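Here the structure is laid out as structure tokens; the discussion comes afterwards.
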Amino acid sequence: MNWIGDLTALLGTSKVTDNETVLQHHSHDESYHQAVLPDVVVFPESTDDIVQVLQFANYHRIPVVPFGAGSSLEGHTVPVQHGISVDLTNMHQILEIRPNDFLACVEPGVTRKQLNEQLRRFGLFFPVDPGADATIGGMAATGASGTTTVRYGAMRDNVRSLTVVLADGRVIETGSLASKSSSGYNLTHLFVGSEGTLGVISKIWLRLYGLPQKEVAARAQFHSVAECVNASVALISAGIPAARLELVSPRIMNAINQYSHTSYDEVPTLFIAFHGNEGSIDTDVALAQEILTDEGCITVDFESETDARNTLWSARHTAAPAFMHQHPGKGHMTTDVCVPLSKLPAAISFAEQMMAEYNVEGGIVGHVGDGNFHVSMAVNPQDSEQLKRAEAFNEALVKHALEAGGTCTGEHGVGLGKKKYQSLEHGDALDVMRSIKFALDKLGIMNPGKLVDTDK
């Protein structure tokens, strides 16, 4: 393609490649969706580089797909119309840390672990933890959250402002650094979760928190998943500020034991974390133990030593890869519904019933403190019957969540996998989203085929 030579001449050979191995790496994410090769991969090193890429792409009407760590789960980074994959991992500088403002400014290729390593010397941390060592830019683009959302919120709650390069090359700042503002539309929240369909994020200002004086982790075991869910609701109702509140089903506990060489009992389990100072955390732990016992807890083990806590949370974070490790050669499909907390016990019970009805092999994990849970399924995309059952199960679960006032995706984003549910969830509001998309990307070059379709 002649335009690839022109793009290379514009940016330089060190930033542009059509190497087959690199193209393959940028053709997929960690989902089951069919891989598609981009025509070329660009590695910008500055906002100015991104501006040049988008001006070039806009002029030539070439699709552009931003790419971070490639750890997304809904096909966000699959370049379904080929074009340019913009890999932002070379933009990995922590630009500024303001301890007294509890703010940090980072480039999109900075990972959350990299950031927290630097923040530790200031007695600060960034709390959003999706499990994978994702890039901050990717987490912002997908509206990620994770295990700590119950206490600290999701990316939308923790991004103060963004620098975004629009489809035509314009650069905008979405907000101020003030802790609150009543000025204008909330553009920061618009771009957080926009999944690369409105522009490319080049800088992110993040909200930070003080490191807790003390942390305690707990592993509470129950007879049933329903008891786990009811106990989590009871803990929140009691006002206990748990930092993490995670459900793991017996099927996933089995996978974790095999993968992480642990020996946890393979029963419905709540993984809990408490953050606070010496006095408050002891009170929270004592009250939590009473509540867990009242809700049918078989046994609960508390861990305050760092190594023991890290082992426990490392095991929880390996749940998805542990499950997939038992199904070599298959793709990962995961549900991501989120419902109001009062509806969570019924939603998980419904999921268990539907898994049996649709003959779906999977396991449940969930951020049950915020009403979000996942059913992990291993699917062979070439097995049409298996894929059909898994998709039918997913659809039944989504419809149940929407009827309960919930959403089809609590944290993984829409991408390709949840796109078909957007009209059902949003109704006429989807047309408003399409209008915004068209206003900012008239030629439809930004991650086309995802989130919304402006051609309908």
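Because the structure is a prediction, the values reported are computed rather than measured.
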With a 4.5 Å limit on heavy-atom distance, are the side chains of Asn372 and Asp336 in contact? yes
For a quick check under 3.5 Å, do Thr318 and Ser260 share a side-chain donor-acceptor pair by atom type? yes
Looking only at side-chain N and O atoms, does Gln326 offer a donor or acceptor that is under 3.5 Å from a partner on Arg251? yes
Minimal non-hydrogen separation, His26 against Asp87, with atom names: NE2-OD2, 2.6 Å
Per the side-chain contact (heavy atoms from CB on, under 4.5 Å) rule, which among Val300, Leu312, Leu292 passes with Ile272? Leu292
Any side-chain donor near an acceptor of the partner, Thr262 and Asn257, under 3.5 Å: yes
I'd like to check Trp205 versus Thr188 (side-chain heavy atoms, cut-off strictly below 4.5 Å). Are they in contact? no
Does Glu195 come within less than 4.0 Å of Lys450, counting only side-chain N to carboxylate O? no
Is there a donor-acceptor contact under 3.5 Å from the side chain of Thr8 to the main chain of Ile4? yes
Salt bridge or not for Glu107 and Lys203, using N-O below 4.0 Å? no
Would Arg61 and Tyr59 count as having a side-chain donor-acceptor pair, cut-off 3.5 Å? no
Donor-acceptor contact below 3.5 Å, side chain Gln386 vs main chain Asn380: yes
Output yes when Asp129 and Arg244 qualify as a salt bridge under the 4.0 Å nitrogen-oxygen rule, no when they do not. yes
Would you kindly say whether His28 and Gln34 are connected by a side-chain donor-acceptor distance under 3.5 Å? no
For the residue pair His327 and Glu361, establish whether any side-chain heavy-atom pair is separated by less than 4.5 Å. yes
Could you check if a side-chain atom of Val337 sits within less than 4.5 angstrom of a side-chain atom of Val398, using non-hydrogen atoms only? yes
Do Gln55 and Asp168 get their side chains close enough for a donor-acceptor pair, meaning under 3.5 Å? no
How close do Tyr152 and Ala243 get, counting heavy atoms only, and between which atoms? CE1-CB, 4.3 Å
Testing the 3.5 Å rule here: is there a donor-acceptor pair between the side chains of Asn230 and Glu295? no
Between His332 and Ser31, a side-chain donor and acceptor under 3.5 Å: no
For Gly199 and Phe191, work out which heavy atoms get closest and say how close. N-CE2, 4.5 Å
How far apart are the closest heavy atoms of Asp370 and Gly146, and which atoms are they? OD2-O, 4.3 Å
State, with a plain yes or no, whether a side-chain heavy atom of Arg219 is found less than 4.5 Å away from one of Tyr264. yes
For the student: nearest non-hydrogen atoms of Pro381 and Leu387, plus distance: O-CD2, 3.9 Å
For the residue pair His412 and His374, is the inter-centroid distance of their aromatic rings smaller than 6.0 Å? yes
Flag side-chain contact, heavy atom, 4.5 Å: Arg112 against Val128: no
Lys399/Glu395 ion pair, N-O < 4.0 Å: yes
Determine whether the aromatic ring centres of residues Phe43 and Phe67 are separated by less than 6.0 angstrom. no
Thr299 vs Phe222 side-chain heavy atoms within contact, under 4.5 Å: no
Between the side chain of Asp157 and the main-chain N/O of Ala154, is any donor-acceptor distance below 3.5 Å? yes
For residues Val165 and Thr47, determine if any side-chain heavy atom of one lies less than 4.5 Å from a side-chain heavy atom of the other. yes
For Gly196 and Ala141, work out which heavy atoms get closest and say how close. N-CB, 4.5 Å
